[in-house]
Colleague: 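First the structure, then my questions, so here it is.
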Number of protein chains: 2
Amino acid sequence: MKKYLDVLKEVNLFTGIEESELQPLLSCLSATTAHYEKGQTVFFSGQSIKQFGIVLSGQIQVVQDDYQGNRSIFAKIGSGNMFGESFACAEIKTLPVSVITTTGSELLFIDCRRLAVPCTKACSFHSRLIQNLLNIVSMKNILLTQKIEITSKRTTREKLLAYLSAEAKKARSNRFNIPFNRQELADYLSVERSAMSAELSKLRNDGVLNFHKNQFQLL
Amino acid sequence: MKKYLDVLKEVNLFTGIEESELQPLLSCLSATTAHYEKGQTVFFSGQSIKQFGIVLSGQIQVVQDDYQGNRSIFAKIGSGNMFGESFACAEIKTLPVSVITTTGSELLFIDCRRLAVPCTKACSFHSRLIQNLLNIVSMKNILLTQKIEITSKRTTREKLLAYLSAEAKKARSNRFNIPFNRQELADYLSVERSAMSAELSKLRNDGVLNFHKNQFQLL
DNA sequence: TCTCTTTCGTTGGAATTCCAACAGAATTAT
DNA sequence: ATAATTCTGTTGGAATTCCAACGAAAGAGA
């Protein structure tokens, strides 16, 4: 666990927690780690979860597949970030999404109830963690609201522009990289890959943007 | 404020709070009420909010309008429910949505920071409220995820079926009422109203469902 | 370096949505 | 009760997306 302390101290769940408190905290919470290979399913759609995860290394995606084989990507989550926290907190009976690894990954798992309920040791950090968790879940809601802004656009062109504008704003530059390949971007925008490529080419020909692989520039 | 105690004690923010504690709690939090007429804007897109609202009576919608005049409805919220809590908790600088009343409404406003930070009186309910708020924000997260499930479908037919199936599940019956008129339903599903009506007619002719106004039955 | 696999962009046809316009039904206001 | 307004469903054409197929470019593995 020590090898990941550098990662963990940057996790916003632990904001305001002294570095020296991290190890006892994780012990108190019975946190566990697990290694996953690329392409493995961490949480299956339909299951009930009580633990959420933190990505120590690697990358995961939150996805939903329909019966026709269309995949929707809800989010891509990298090192130092959390996943599944809302479902674990709400104690939902059937997870509506799956969580899969897109690279080999080390993941940390924490039981939500143990975090939220003060233990017999009356550890002082429980209330700090709950405050932090409230802030994190609120921020996730804002990200989901932004995703709805994108998926509720009527045309592929509008979805692309909404997404790329948001990425530019996040990068504070009109030159930025996106974290998806073409198929993943199409799945994130819920459109068809080849039609999206055609639309990207049109946008370039119209002088709206330039791109090369995952590098984009808004003009 | 007394007239709404019956409503307030059912609000899940106050779960586990004694009815006798409600009035002092609201005083401690400097909660305020306001009356809005139908069609008024409660929160404007772009503003920064520190307070969230509780609907005492009436109904509000969370919406987003684009420059072409297309409206997306994110949610419709009625009596006894909260709105804006994720944005207030996260202290976001620019609200990405607007909140408007669809009927005359009485709304209660609570400052998120006052709720989350124990006051000088060391009132005991702050930690209970934060636990409740975490649960509520998590549940909102799940509702947003369910909305993305709908808006990420590729066809109007699929969006309708996804939405109506979810409403049936919520009603625990294949006969149920939906809370929208046709234009509102189209805005909620992010599709065009007349095309959606045509698709509803097709679904009825295909023997998939029956409907009359806002009454639906899945076959 | 070569071979195999994956990714990306293009294309044309089928499917679907959007849009404007309209008429009739339902609702609201007088 | 009547008039005005709003809501709903229909229609046809334009616009757009999906889809399958394909070839070229890029990347990975031997």
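Chain A is the first sequence line, chain B the second, and so forth, proteins listed ahead of strands; every chain is numbered from 1.
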Colleague: Taking ring-ring contact (aromatic ring centres under 6.0 Å, His included) as the definition, give me every residue that meets it alongside B/Phe180, ordered by chain and number, with sequence neighbours left out.
Modeller: B/Tyr188
Colleague: Ring pair (Phe, Tyr, Trp, His ring centres under 6.0 Å): which pairs involve residues 58-102 of chain A, sequence neighbours left out?
Modeller: A/Phe43-A/Phe83
Colleague: Provide the full list of salt bridge (charged side-chain N to carboxylate O under 4.0 Å, His left out) pairs with a residue in residues 30-50 of chain B, sequence neighbours left out, each pair given once.
Modeller: none
Colleague: Got a sec, which pairs hit side-chain hydrogen bond (donor to acceptor under 3.5 Å, both in side chains) with one end in residues 172-183 of chain B, sequence neighbours left out?
Modeller: B/Gln183-B/Asp187
Colleague: Taking for each residue the nucleotide of DNA chain C with the nearest heavy atom, is it B/Glu158 or A/Phe211 whose nucleotide lies nearer the 5' end?
Modeller: A/Phe211
Colleague: What nitrogen or oxygen pairs link the protein and nucleotides 24-27 of chain C at under 3.5 Å?
Modeller:
from	atom 1	to	atom 2	distance (Å)
C/dA26	O3'	B/Lys213	NZ	3.1
C/dT27	OP1	B/Lys213	NZ	3.2

Colleague: Each nucleotide N or O in nucleotides 19-21 of chain D that has a protein N or O under 3.5 Å away: list the pair and distance.
Modeller:
from	atom 1	to	atom 2	distance (Å)
D/dA20	N6	A/Ser194	OG	3.0

Colleague: Taking only residues at least two apart or on different chains, which pairs with a member in residues 85-105 of chain B satisfy salt bridge (charged side-chain N to carboxylate O under 4.0 Å, His left out)?
Modeller: B/Glu85-B/Lys140, B/Glu91-B/Arg113
Colleague: Let's see if you get this right: which residues in residues 197-205 of chain B place a heavy atom under 4.0 Å from DNA chain D?
Modeller: B/Ser197, B/Ser201
Colleague: We want to know whether B/Arg114 and B/Ser30 form a side-chain donor-acceptor pair, criterion being a heavy-atom distance below 3.5 angstrom.
Modeller: yes
Colleague: If a pair satisfies salt bridge (charged side-chain N to carboxylate O under 4.0 Å, His left out) and one of its residues is in residues 67-77 of chain A, list it, with sequence neighbours excluded.
Modeller: A/Asp65-A/Arg71, A/Lys76-A/Glu184
Colleague: Would you say the side-chain atoms of A/Thr101 pair up with the backbone N or O of A/Gly39, donor to acceptor, closer than 3.5 Å?
Modeller: yes
Colleague: Take B/Ser138 and A/Ser86, measure what side chain to side chain donor-acceptor pair (under 3.5 Å) needs, and give me the verdict at the end.
Modeller: CA-CA 5 Å; B/Ser138 298; A/Ser86 305; 4.8 Å; no
Colleague: Going by the rule salt bridge (Lys or Arg N to Asp or Glu O under 4.0 Å), which residues pair with B/Asp66 if we only count those two or more places apart in sequence or in a different chain?
Modeller: none
Colleague: Tell me, which pairs form a salt bridge (charged side-chain N to carboxylate O under 4.0 Å, His left out) where one or both residues lie in residues 202-219 of chain B, sequence neighbours left out?
Modeller: B/Arg157-B/Asp206, B/Glu199-B/Lys202
Colleague: Decide whether B/Thr102 and B/Gln59 meet the rule of one side-chain donor and one side-chain acceptor closer than 3.5 Å.
Modeller: yes
Colleague: In degrees rounded to 10°, what angle is found between the helical axes fit to the five outermost pairs at each end of the helix from C/dT1-D/dA30 to C/dT30-D/dA1?
Modeller: 60°
